[in-house]
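Read through the structure below, which is laid out as structure tokens, and then see the notes.
Numbers restart at 1 for each chain; the letters A, B, ... are given by sequence-line order, proteins then strands.
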There are 2 protein chains.
Amino acid sequence: MSKEKQASQAILRPAIPKLSSDETPCAACEVRQFAVCGALTPDELESFGGGMATISLSAGAPLIDEGEDDTHIYSITSGSLKCFKLLPDGRRQVTGFLFPGDFLGLTKSDTYINSVEAITNVTLCRMSRKDLNKYADSISNLDRRLHEMASEALADVQDQILMLGRKTSEERVATFLLSLSRRAGERGGPTNPVEIPMSRDDIGDFLGLTTETVSRTFSRLRKRELIGQDKERKTEILDFETLREISEGF
Amino acid sequence: MSKEKQASQAILRPAIPKLSSDETPCAACEVRQFAVCGALTPDELESFGGGMATISLSAGAPLIDEGEDDTHIYSITSGSLKCFKLLPDGRRQVTGFLFPGDFLGLTKSDTYINSVEAITNVTLCRMSRKDLNKYADSISNLDRRLHEMASEALADVQDQILMLGRKTSEERVATFLLSLSRRAGERGGPTNPVEIPMSRDDIGDFLGLTTETVSRTFSRLRKRELIGQDKERKTEILDFETLREISEGF
DNA sequence: CGCGGCTTTGAGGAGCTTCAAAAGCGGTGG
DNA sequence: CCACCGCTTTTGAAGCTCCTCAAAGCCGCG
């Protein structure tokens, strides 16, 4: 679940998703326990998996363009992606990152309200909304699980709003690092050397800062020995307590 | 639905909610068509209304403190409220405003994740989560309606994130005015002289700016004759088109 | 080894904030 | 009815954080 070295280059390769729709090994899925599917019994899962297609994307490949018809939902099985919105002059806001076990498609409207792009190589499961609705009728837990996830997402996003509206650059970066760490833990990975698959640019556009400010802030935290800058897009948190205090605005 | 002149002073009066739980005139409710309850049949509504208590709050009165046990949900029938989060040093982020027809309680966690306070005098309907769950089981549309509303809220909040992360003060204020106008229209009110019940402070804490910057920005828009500053917390939009362009970042 | 990408660091500048004070507005009481 | 008081809003001046522009460093890769 964590060998994303190819992450670095983000080359824009042709984004033709390789469909291999006849193999849906849901039962053996590594992220099932964390994903939507976690609410299903083996029987339900089997029929559910029938509607699933497996897709892989290379690092940098676009998955969704904001404004496209909202036809499918996705469950991430490996790798990471970013969701973002653009302003006409090119300013970009990364609204969130997706990791294994995450669900893409909680907000249903006519068209997608975010663009989505692979950061690393990615594999995901895809299902049409039509199929999803079919299953939602017959599988009682599914609907509730989706509602639950939407509710959680809504809570998380409030913290993001607080961060963007009121936190300093240092507080934002601290918040970001701790959040990456926590999420890695939630999906069963190590919480401490934090894997950071995304570029400084992506981080900046997520935190409402520029690349340079993000970089400077990392440097400052490093000089204060709150974090250690290991190689390979891993960052070690040296002082959780202080970082947490910073992130919470003390 | 719009005589909120007492709004201005925001005096902190004792916040004891006046319960009058035996009168629940849901059938005659002015906001029903816009609110959660809009999805119910008259029969369902009648039983549903049985669990409802009517509450009124004076301007400035707190309704919820972040961190309290999340025991009740609310539906606003008149007036306006603000939801906000605080940092330890007093920095405040207003995460949203609530108007008649809006629902409070889409995010279910153990404790409330926002504080909520009346801006004007307010009346609202309250129901315990326990009762809500009871009705959710027996009224099929209710669950779906809540899910729908959560999904919409999630979409709205993405625009807020884009705004906070990437827009200039002018773009934020323009976005804010247009959003107030649109929401007033959605609940059947006039879209043009925009009613602005909240203070400059509240607006600032919503837009991630200071009072002064908000005020200066209003002044600038006024000088450019994009808005007119009428009295009584009403602002007239003189040039929708340009304001929209500004708000969308052209 | 050298090229292209991302990241880091530096210097100067812009936008928003902070601090301060004046103006406006509503309510109260003489 | 007008003067005064408290509060909000507006306006001004100075300062700080973050941004912009620029260049050097670093790293993987051909």
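Ion pairing between B:D239 and B:R224 fails under the 4.0 Å rule for side-chain N and carboxylate O. Between B:E248 and B:K167 no salt bridge is recorded (no basic side-chain N to carboxylate O distance below 4.0 Å). Between B:D205 and A:R166, at least one side-chain N (NZ, or NE/NH1/NH2) sits under 4.0 Å from a carboxylate O, which counts as a salt bridge.
Computed from coordinates, the A:R200 CZ to D:dC18 P distance equals 17 Å when rounded to whole Å. Taking atom CD1 on A:I203 and atom C1' on C:dT8, their separation rounds to 14 Å, with Å as the unit. Atoms CZ (B:R220) and P (D:dT10) sit 13 Å apart, rounded to a whole Å. Protein atom CD of A:Q229 is 10 Å distant from nucleotide atom C1' of C:dT8, rounded to whole Å. For the pair A:E212 CD and D:dT17 C1', the computed distance is 14 Å after rounding to whole Å. Between the P atom of D:dT8 and the CG atom of B:D202 lies a distance of 10 Å, rounded to the nearest Å. Atom CG of A:L209 and atom P of D:dT17 are 14 Å apart (whole Å). Across the protein-nucleic acid pair, B:D205 atom CG and C:dT17 atom P stand 10 Å apart, rounded to whole Å.
Contact annotation: B:S199 does not reach the phosphate of D:dT8 (side-chain N/O to OP1 or OP2, under 4.0 Å). Taking only side-chain nitrogens and oxygens, A:T213 comes nearer than 4.0 Å to OP1 or OP2 of D:dC19.
Side-chain contact between B:R244 and B:L178 is present, with at least one heavy-atom pair separated by less than 4.5 Å.
The base of D:dG12 is paired with the side chain of B:R216 by a donor and an acceptor separated by under 3.5 Å. For A:E170 against D:dC18, a side-chain-to-base donor-acceptor contact under 3.5 Å is absent.
At the heavy-atom level, B:R222 lies under 4.0 Å from the strands shown only through sugar-phosphate atoms. Looking at heavy-atom distances under 4.0 Å, A:G208 makes contact with sugar-phosphate atoms alone, never a base. Residue A:S215 is in base contact, counting any heavy-atom pair closer than 4.0 Å across all strands shown. At the heavy-atom level, A:S219 lies under 4.0 Å from the strands shown only through sugar-phosphate atoms.
Between A:Y112 and A:D70, the closest heavy-atom pair is CE2-OD1, 3.3 Å.
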